[in-house]
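To start, the structure under review is shown below, and the notes come after it.
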Amino acid sequence: MTELQFHNSLTRGKEGFAPIDPAHVRIYVCGPTVYDLAHLGNARPVIVFDVLARLLRRLFPRVTYVRNITDVDDKINARALESGETIEAITARTTADFHRDMAALGNLPPDAEPRATQSIAPMIALIERLIARGHAYVAEGHVLFAVASFPDYGALSGRSTEELQAGARVDVAPYKRDPGDFVLWKPSPPELPGWDSPWGRGRPGWHIECSAMSWQALGEVFDIHGGGHDLIFPHHENEVAQSRCAFGTPVMANLWMHNGMLRVEGEKMSKSLGNFLTVRDILGRGAWAGEAFRLLVLKTHYRQALDFTFAGLDEAKAELDDDYAMLARAPAAPELPAVQAEMAEWALEPLRDDLNTPLALTRLRDLRTLENVASVGGSATAVLHRAGRNWPVVPGLAAAAFREVAEVLGLAASEPRRWLQGAEDTGWIEAAIAARLAARRARDWAEADRIRADLTARGITLEDGPQGTTWRRA
RNA sequence: GGUCCGGUGGCCGAGUGGUCAGGCAAGGGUCUGCAAAACCCUCUACGGCGGUUCAAUUCCGCCCCGGACCUCCA
């Protein structure tokens, strides 16, 4: 059995994973800023860490997965100013949209979803602690983190303080002691959201919320912190500085996992390029699109850059069609729990090695082939050779293992018939099939073929099998 | 410019110091009244140049190409 190991951004290498509390794994992932519909780049970390959470739940007695909602941010303020909609309305609507979109991509909700606006008190407590310990200072109504007070600053992103200073932009606020110092708290004018604080009415800086919310939900030090690769600097670097300095701990989280960026048709996704795609845009292509996108994402290792293409989305749909066709014809699982468990473990094993979903998917496809061989006919030799096992080829067995593995990946969650045939009224199709059956019994092949051609023209594919004729939408 | 990550067959995409990735597409076959599905076969690649090694796509160096980040709201 492969040791459970993950790539740690902190050490830039793979490490064996052992939770601080073996009975309880604690994960924090940076969630969305709710000012607009989720785009494809937002969806990737949600899918990746959903699979991670599902895997860990299978391996450990208890998992707490926390993903925040950032509902105080200047992007939100700007949006409210230009649209006239209230901040509360924007964040409430966008949060609901986010939940709906993520569910449509097959993601389970996190165990806790704290909101920044409901975590102001712990943020203030944290900032007070940082000031008391000499890691933060007040200047012109702002509270700033003093980078120079934290020797390990830059360790996560792999930058020295000198490099950071050299890279500092020209406009450094004059009240900063050091160009790298960042805002913990800033003053708010009356027209912007604000909370009373020891430093006057104000609002939090970007980074402090995650330190506060992870602390509240998971404690001073926890197991895994995740997010997009672009968050390593400055966001995560600053989180680490805040949390470690506030609590005097050697780490904030033991393991830092970052997913690669998503591109669209070979280009960076941006509004100016006109290739900005929201999750909604994808979902609008059909009932199949959410799951197909999920598969597309999982086909690439999470740390690699992912190039989204519509051709790739269609290919993912075609693969799911075949998965569901197999599931639809597979009989109930035979009573061979030990073999079934072995098959599932074999397919799931790559996930233990830094969440290698592409390899797990390859093995999932091998389980599909195994089931097809068992229930339709063919040779299992190649698959059994790859697996290095001599599993019995019994109808229903590999399909049961397939379902088990697919559940960890959050795939194949739909009812097969529904996926293949849709939800609309299908009486006319059944009638046509009956008419064709009558023609075939009468050996009237011309009429039988005419009926099939007619159905084909309407996007219905017929499949004659030993149990009669079934159909699916093309 | 700095730091980091990549370059695999028509496309996507794992992995490995030497005997199999896989998927999609394409071609051929088995099966089928004809089909579809399924299964089988074919297509045998690892950016360039050096180096280490009995052996490198896999390790090392250099180069080329691509991408990410380089802060407090552009």
Side-chain angles (χ1 to χ4, degrees), chain A residues 7 9 12 33 73-75 77-78 142 144-145 147 154 157-160 162-169 171-173 176 179-184 186 205-207 228-238 258 260-263 266-268 295-296 298-301 303-307 309 311-312 314-319 321-322 325-326 328-329 350 353 356-366 368-383 385-386 388 439-440 443-446 448-449 452-453 455-456 460-465 469-472 474:
Chain A
H7 178 94
S9 302
R12 288 168 193 77
T33 301
D73 181 278
D74 286 354
K75 285 195 287 280
N77 300 340
H142 292 69
L144 293 143
F145 184 90
V147 167
S157 55
R159 291 152 213 270
S160 67
E162 296 73 47
E163 283 168 9
L164 291 168
Q165 285 178 13
R169 298 288 161 85
D171 295 328
V172 176
K176 285 188 182 179
D181 290 353
F182 56 92
V183 172
L184 299 172
K186 54 189 165 189
W206 175 27
H207 317 291
H229 187 261
D230 57 339
L231 292 179
I232 291 178
F233 190 87
H235 186 51
H236 289 166
E237 191 71 70
N238 292 352
H258 294 99
M261 297 294 95
L262 180 142
R263 302 159 54 84
E267 291 183 308
K268 183 171 180 169
L295 173 58
L296 170 69
L298 296 179
K299 280 173 70 172
T300 298
H301 183 84
R303 294 205 298 125
Q304 295 285 353
L306 166 63
D307 188 19
T309 62
D314 291 340
E315 185 179 314
K317 182 203 182 277
E319 289 180 42
D321 283 344
D322 293 344
M326 177 276 286
R329 70 181 154 245
D353 181 14
N356 191 339
T357 53
L359 191 55
L361 284 167
T362 290
R363 293 186 176 183
L364 185 69
R365 289 290 128 63
D366 275 340
R368 183 180 79 192
T369 299
L370 222 42
E371 180 62 39
N372 284 333
V373 165
S375 52
V376 183
S379 166
T381 312
V383 172
H385 177 72
R386 267 198 292 279
R440 292 180 71 204
R443 302 199 147 259
D444 184 354
W445 307 128
D449 290 349
R452 183 189 15 238
L455 287 171
T456 302
I460 305 300
T461 303
L462 296 187
E463 295 175 3
D464 296 329
T469 299
T470 58
W471 63 275
R472 63 200 272 188

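Chain letters run A, B, ... following the sequence lines, proteins first and then strands; every chain starts at 1. Atom set for the values below is all heavy atoms of this structure, side chains included, hydrogens, waters and symmetry mates excluded.
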Q: When you get a sec, tell me which of B/rC34, B/rA68, B/rC24 is the closest nucleotide to the side chain of A/R263?
A: B/rA68
Q: Please assess A/H7 against A/H258 for the test ring pair (Phe, Tyr, Trp, His ring centres under 6.0 Å), listing each intermediate value before the final yes or no.
A: CA-CA 9 Å; A/H7 178 94; A/H258 294 99; 9.2 Å; no
Q) Which atom pair, heavy atoms only, marks the closest approach of A/A316 to A/L296? A) CB-N, 4.2 Å
Q) Touch check for A/R386, heavy atoms < 4.0 angstrom, all strands: base, sugar-phosphate only, or nothing? A) base
(Q) Over all strands shown, is A/H301 touching base, sugar-phosphate only, or nothing at heavy-atom distances under 4.0 angstrom? (A) sugar-phosphate
Q: Decide yes or no, distance alone: a donor-acceptor N/O pair under 3.5 angstrom between the base of B/rA21 and the side-chain of A/T362.
A: yes
Q.
Should the side chain of A/D449 and the base of B/rG33 be counted as holding a donor-acceptor pair, with the cut-off at 3.5 Å?
A. yes
Q | G-U wobble or Watson-Crick pairing nucleotide for B/rA37 (cut-off 3.5 Å, both distances) | A | none
Q) For A/T461 and B/rA37, is the shortest distance between a side-chain N/O and OP1 or OP2 below 4.0 Å? A) no
Q) Should A/K268 be listed as having a side-chain N or O under 4.0 Å from OP1 or OP2 of B/rC69? A) yes
Q: Could you give the distance separating B/rG29 and B/rA35 at their P atoms, to the nearest angstrom?
A: 12 Å
Q. B/rG28 and B/rA37: how far apart are their P atoms, nearest whole angstrom?
A. 15 Å
Q. Looking for any heavy atom pair under 4.0 Å, which part of the strands does A/L462 touch: base, sugar-phosphate only, or nothing?
A. base
